[in-house]
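Below, read A as the first sequence line, B as the second, and so on, with proteins coming before strands; counting in each chain starts at 1. What's counted below: heavy atoms across the whole structure, side chains too, no hydrogens, waters or symmetry copies.
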Amino acid sequence: MPRANEAIEQALLEFADLLSILSEDPFKPRAYEKAARAVGGYPEDLTGKDLKEILEVPGVGKSIGDKIHEFLTSGTITELEALRAQIPGGVRDLMTVPGLGPKKAFALHGELGIGSVDDLAIAIGEGRVAGLKGFGPKTQENILRGITQIASAAGRVTLGVAMDAAKDVIARLRDLPGVGKIAYAGSLRRMCETIGDVDILVASRHAAPIMDGFVTHPAVTRVLGHGDTKSSVLVEHGLQVDLRVIPAQVWGAAMIYFTGSKAHNVRIREMAVRVGLKLNEYGLFDAKTGELLAAKTEEAVYAKLGLPFIEPTLREDRGEVEAALAGALPDLIQERDIRGDLHTHTDLTDGVASLEEMLDAAAARGYAYLAVTDHAPDLAMQRMTTEKILDQRERLRALQPRHPAMKLLHGAELNIGPEGELDWPDEFLAGFDLTVASVHSHFTQSREEMTRRVLRAIENPHVHIIGHLTTRKVGGRPPVDLDLEAVFEAAGRTGTALEVNAHPDRLDLKDEHILWAKRHGVRFAIDTDAHATTHLDLMRFGVATAQRGWLTKADVINAWPWSKLERSLKPR
DNA sequence: GCCGTTTTCGGCCCGACTGTTTTCAGTCG
């Protein structure tokens, strides 16, 4: 079962949102938000903890601690229920529209009775919103654009949400009698950035009890179908989960079939047909005699087709079949190849873990190096100063002896200003072991301005990595407008690495961009941008995205041994 | 609501941008 922390985090964030609508005091919702993040990033599972232990979570005091305790013992928070009764859920959804915050959402609900995003679109169309104070033509236009943006992601969830749901279901089903192999397939196994539905495969001869266990899972909000070998349900976030039970002897063929992509499957089925074979979810057959040639493992099925095993992350019909036939599949980067994380935060800025905790967590992962890269002063909200970061550097240096197997790198996440300027002059930047430079403001600049700005940062010899290049949020904020061809050319030429941000809400660069950039000889850094020790585990999503971009460990600077990385960090 | 001490209250996430509000509220990172 997943940790209770995530459910508590969601409940506290909802509490914060509802308070921000209802409460005059802006600090109260912030306290809930802060506590939510701290719980989400807390390394220990809160399940079964008593009040005293709960109060050890930073940012959690008596009042919130009581609510967490109530949630852990009863599954609900009475006061949260009371807030929900005052504010329909759809009103909270309004705040997901870019440009709409608690005040505007409250006005729309209070003045016009608007209770959902759909209501809002209709009301704008009918001109009813125009009369409302603070809702001029530009604002309405922005809201409509935001609604379109949300709608385009409707029905899909991020990789992280889908993975949690899949793990949860698998954990519940794994111990049922008669369950052999169990695994997720589909777009989740291919690690696509958004997931429409989760496919889970179980090998068993006795489907009925497994089906029953599935549809009665506590996370199920609605049963869409309940058959002999296939059932479909909806869980949180409206996510659909399909379960299929198949005989163990056709596991490989079924995994290929249900992993897809459709385009990949079409390609290999065509290959089969051309040589007198037939491929479906039950196996690879001789088309004439019907004899079963392979089915048990994916490797066996691919082999009979004259192909090596193709990693799920490559199965998009982007040339992987041709490469496989030519023996030219890339030797893809794996999570075990990663030797360190080069973009992490501590509680000196907006992280929730201390420097010591982050170092311990990284060391526990067996990393050979770790860069601590807290935010720089130009991101004003973080209140970083030159004194604070120099003090952190001293503390980091002093901690080095505690981690003899891990090289500690002192860095910063710099802000690329609107003109491409950075937070500190070059002399000061030269004092860092490593820097990440990212865009955090002025997202709406023109393509020319944005490109000039990013190019200037790339050309700066004291910048080693460009963080989350496009700043997009999966299913949320659109990417900035940027001449990627020019950016990739410059990054390739200067040796400035481009980040593959591993957070499932970002995945930035995305797979297509990685493929494109790689053609320019760009180097990459797969980083978690961790704001908590638990976030270091997000590395797997970054590695999967890098795989989808066909990267090998030679392409990824944090898969290099320290001696090689160290040489590459010298000023150009 | 939390927290720390300048210690039981008062400060906390600051500053810029946007659109529209004729002087600034709301939103965002």
Residues in side-chain contact (heavy atoms from CB on, under 4.5 Å) contact with A:Arg84, at least two apart in sequence or another chain = A:Glu14, A:Leu18, A:Leu80, A:Glu81

Atom pairs under 3.5 Å: protein N/O with N/O of nucleotides 7-10 of chain B:
none

Side chain of A:Tyr32 only, please: which of B:dG1, B:dC13, B:dT18 is the nearest?
-> B:dG1

Is it true that A:Asp555 and A:Arg523 make a salt bridge, defined as a side-chain N closer than 4.0 Å to a carboxylate O?
-> no

So, are A:Arg3 and A:Glu9 salt-bridged, with charged N and O less than 4.0 Å apart?
-> no

Acceptor/donor pairs from residues 105-118 of chain A side chains to any protein atom, 3.5 angstrom cut, sequence neighbours excluded:
from	atom 1	to	atom 2	distance (Å)
A:Ser116	OG	A:Asp118	N	3.4
A:Ser116	OG	A:Asp119	N	3.0
A:Ser116	OG	A:Asp119	OD1	3.4

The side chain to side chain donor-acceptor pair (under 3.5 Å) partners of A:Glu427 (sequence neighbours excluded) come to none

Check whether any side-chain nitrogen or oxygen of A:Arg383 sits under 4.0 Å from OP1 or OP2 of B:dC13, and answer yes or no.
-> yes

Counting only non-hydrogen atoms, which of residues 49-71 of chain A are less than 4.0 Å from DNA chain B?
-> A:Pro58, A:Gly59, A:Val60, A:Gly61, A:Lys62, A:Ser63, A:Ile64

For B:dT8, give its Watson-Crick or G-U wobble partner with both distances under 3.5 Å, or none.
-> none

Separation of the C1' atoms in B:dA16 and B:dT8, to the nearest angstrom = 36 Å

Can you tell me how far C1' in B:dT5 sits from the matching atom in B:dC12, rounded to whole Å?
-> 14 Å

Expected string for nucleotides 23-29 of chain B under the B/S/- scheme (protein heavy atoms, under 4.0 Å, primed atoms plus P, OP1, OP2 as sugar-phosphate) is ---SSSB

